[in-house]
Amino acid sequence: MAPFVFFDEVYKSFDSKEVLRGLTLVIRQGEVLVILGGSGTGKTVILKHIVGLIPPDTGRVFVQGKDITDFSENMLIPVRRKVGFLFQGGALFDSMNVFDNIAFPLREHTDFSETVISEKVKEKLKMVGLENIERMMPSKLSGGMRKRVALARAIILEPEALLYDEPTTGLDPITTKWVSKLMRQVHENLKITSVIVTHNIQSAMSVADRIAFLYRGRIKLVGTPDEIMECDDPIVHEFLRS
């Protein structure tokens, strides 16, 4: 089976700071791949390349076998519709209630009736463990609830892949464990490709099929959680111990 995403020797710098340094990575169709690494190592930059939010300086990015490196904004629209993105802070619209936040992509990209939109919003809220909160404003939600509402919005268009940017940042240990379990459940229910960037080791180990360890702009090691834990690389060991 062809990979969902393939990075081929990707380099990316911002001003004088080199972030990705010849990154090569295969993201398999239907897997949960966790990209693990320290803060500021370029994990989010990888996600942004997948949906064309930023282009590589050199190298190529392929999504479902198509080279999207030089795609225009119009050409990227169908690619982005296939990929849901859960931003680190949730990125909910503070001026909209929960219902309107989740309905927003449907209203922008489909011609569904309001009746159908209402059914789909309720369905996705139930999937993430929230019901009867449609009229609440984001400011009234706890951190864990905001994450779940953002997840419901990310899957409302039923994407083929879901990208998570530090989904457990700012959450307490109990909520982190719950959100990690939810990510795995959503993956299995929707049968999609999931890419999660995080520095949370416990969350990574609990949800991943494979883990890619990012170090100095390159993937240093890829393996199952057990393989990562058992590897003898001193840099990986130091990160895991920290």
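Val5 places none of its side-chain heavy atoms less than 4.5 Å from the side chain of Val195. A 4.5 Å side-chain heavy-atom check between Arg60 and Asp70 finds at least one atom pair inside the cut-off. Considering only heavy atoms from C-beta on, Phe4 comes within 4.5 Å of Gln64 through its side chain. Side chains of Val51 and Leu76 form no contact here, defined as non-hydrogen atoms less than 4.5 Å apart. Between Leu162 and Val83, every side-chain heavy-atom pair lies at or beyond the 4.5 Å cut-off. Residues Pro55 and Lys12 form a side-chain contact, since some pair of their non-hydrogen atoms from C-beta on lies under 4.5 Å apart. In this structure, Leu214 and Ile219 have side chains that are in contact, with non-hydrogen atoms separated by less than 4.5 Å. Side-chain contact between Ile192 and Glu158 is absent, with no heavy atoms from C-beta onward closer than 4.5 Å.
The main-chain N or O of Val236 is never found under 3.5 Å from a side-chain atom of Lys220 such that the two would form a donor-acceptor pair. For Arg184 (side chain) and Ser206 (main-chain N/O), no donor-acceptor pair under 3.5 Å exists by modelled atom type. A donor-acceptor contact shorter than 3.5 Å is absent between the side chain of Arg146 and the backbone of Leu141. Although no hydrogens or angles enter the test, the distance criterion places a donor-acceptor pair under 3.5 Å between the side chain of Asp209 and the main chain of Val32. No side-chain donor-acceptor contact under 3.5 Å links Asp15 to the backbone of Lys17. A distance-only check finds no donor-acceptor pair linking the side chain of Asp165 to the backbone of Thr44 [under 3.5 Å].
Val207 approaches Met183 most closely through the heavy-atom pair CG1-CE, 4.4 Å. Heavy atoms only, all atoms of each residue included: Val179 and Pro167 are closest at CG1-O, 4.3 Å. What you find for Leu221 and Cys231 is that their closest heavy atoms are CD2-SG, 3.6 Å. Residues Val61 and Pro56 approach most closely at CG2-CG, 4.3 Å, considering heavy atoms. Considering all non-hydrogen atoms of both residues, Ile102 and Leu125 come closest at CD1-CD2, 3.5 Å. Nearest approach of Val34 to Ala204, heavy atoms of both residues: CG1-CB, 3.6 Å.
Enclosure of atom CG in Asp111 is not indicated, since only 12 or fewer non-hydrogen atoms of other residues, nucleotides or ligands lie within 6.0 angstrom. Atom CD of Gln185 is surrounded by more than 12 heavy atoms from other residues, nucleotides or ligands within 6.0 Å. Taking a 6.0 Å sphere around CE of Met229, one finds it holds 12 or fewer heavy atoms contributed by other residues, nucleotides or ligands.
With sequence neighbours left out, Phe85 forms a ring-ring contact (aromatic ring centres under 6.0 Å, His included) with Phe87. For Arg21, the salt bridge (charged side-chain N to carboxylate O under 4.0 Å, His left out) test picks out Glu18, with sequence neighbours left out. Applying the ring-ring contact (aromatic ring centres under 6.0 Å, His included) test to Phe93 and every residue at least two apart in sequence or in another chain returns Phe104. Residues passing the salt bridge (charged side-chain N to carboxylate O under 4.0 Å, His left out) test with Lys177, sequence neighbours excluded: none. In this structure, the salt bridge (charged side-chain N to carboxylate O under 4.0 Å, His left out) partners of Glu166, at least two apart in sequence or on a different chain, are Lys43. Residues passing the side-chain hydrogen bond (donor to acceptor under 3.5 Å, both in side chains) test with Thr24, sequence neighbours excluded: Glu9. With sequence neighbours excluded, no residue forms a salt bridge (charged side-chain N to carboxylate O under 4.0 Å, His left out) with Arg81. Take Thr168 and apply the side-chain hydrogen bond (donor to acceptor under 3.5 Å, both in side chains) test, not counting sequence neighbours, and it matches no residue.
For the residue pair Thr69 / Asp67, a side-chain donor-acceptor distance below 3.5 Å is found, with atom types taken as modelled.
A single hydrophobic cluster is seen to contain both Val197 and Val222, as judged by linkage of ILVMFWY side chains at heavy-atom distances under 4.5 Å, directly or through other members. Follow the hydrophobic side-chain contacts under 4.5 Å out from Ile50 and you reach Phe14 in the same cluster. Residues Leu182 and Met205 share a single hydrophobic cluster, defined by chaining ILVMFWY side chains whose heavy atoms lie under 4.5 Å apart. The hydrophobic clustering, which links ILVMFWY residues whose side-chain heavy atoms are closer than 4.5 Å, places Ile133 and Val128 together. Linking ILVMFWY side-chain heavy atoms closer than 4.5 Å, directly or via other members, places Leu25 and Ile54 in a single hydrophobic cluster.
Identified under the side-chain hydrogen bond (donor to acceptor under 3.5 Å, both in side chains) test for residues 128-143, with sequence neighbours left out: none. Every pair tested for ring-ring contact (aromatic ring centres under 6.0 Å, His included) that includes a residue from residues 138-193 fails, sequence neighbours excluded, so the list is empty. Every pair passing ring-ring contact (aromatic ring centres under 6.0 Å, His included) that includes a residue from residues 195-233 is listed here, sequence neighbours excluded: Phe213-Phe239. Under the side-chain hydrogen bond (donor to acceptor under 3.5 Å, both in side chains) criterion, the residue pairs touching residues 98-109 are Asp100-Arg107, Asn101-Arg153, Arg107-Glu114, with sequence neighbours excluded.
Here CG of Leu20 is found 6.0 Å from NE2 of His49. Values are rounded to the nearest 0.5 Å. Separation of atoms CD (Glu227) and CD1 (Ile211) is listed at 10.0 Å; rounding is to 0.5 Å. Considering CG of Leu23 and CZ of Arg218, their distance stands at 9.5 Å, rounded to 0.5 Å. In this structure, Thr176 OG1 and Leu171 CG are separated by 4.5 Å, a value rounded to the nearest 0.5 Å. Summarising the geometry, atom CD1 belonging to Ile228 is positioned 10.0 Å from atom NE2 belonging to His237; distances are rounded to the nearest 0.5 Å. Distance CD1/Ile46 to CD1/Ile27: 8.0 Å, rounded to 0.5 Å.
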#### Entry: side-chain contact (heavy atoms from CB on, under 4.5 Å) between Thr110 and Val116, intermediate numbers included
CA-CA 11 Å; Thr110 75; Val116 172; over 6 Å; no

#### Entry: From CA spacing to verdict: side-chain contact (heavy atoms from CB on, under 4.5 Å), Val98, Leu130
CA-CA 11 Å; Val98 167; Leu130 294 173; over 6 Å; no

### Query
Do Met127 and Leu190 pass the side-chain contact (heavy atoms from CB on, under 4.5 Å) test, and can you show the C-alpha distance, the side-chain angles, and the key distance before you say yes or no?
CA-CA 10 Å; Met127 186 176 292; Leu190 298 180; 4.0 Å; yes

### Message
What verdict does the side-chain contact (heavy atoms from CB on, under 4.5 Å) test give for Lys120 and Ile156, after you've listed the backbone C-alpha separation in whole Å, the side-chain angles of each residue and the deciding distance to 0.1 Å?
### Response
CA-CA 7 Å; Lys120 288 184 175 292; Ile156 194 68; 4.1 Å; yes

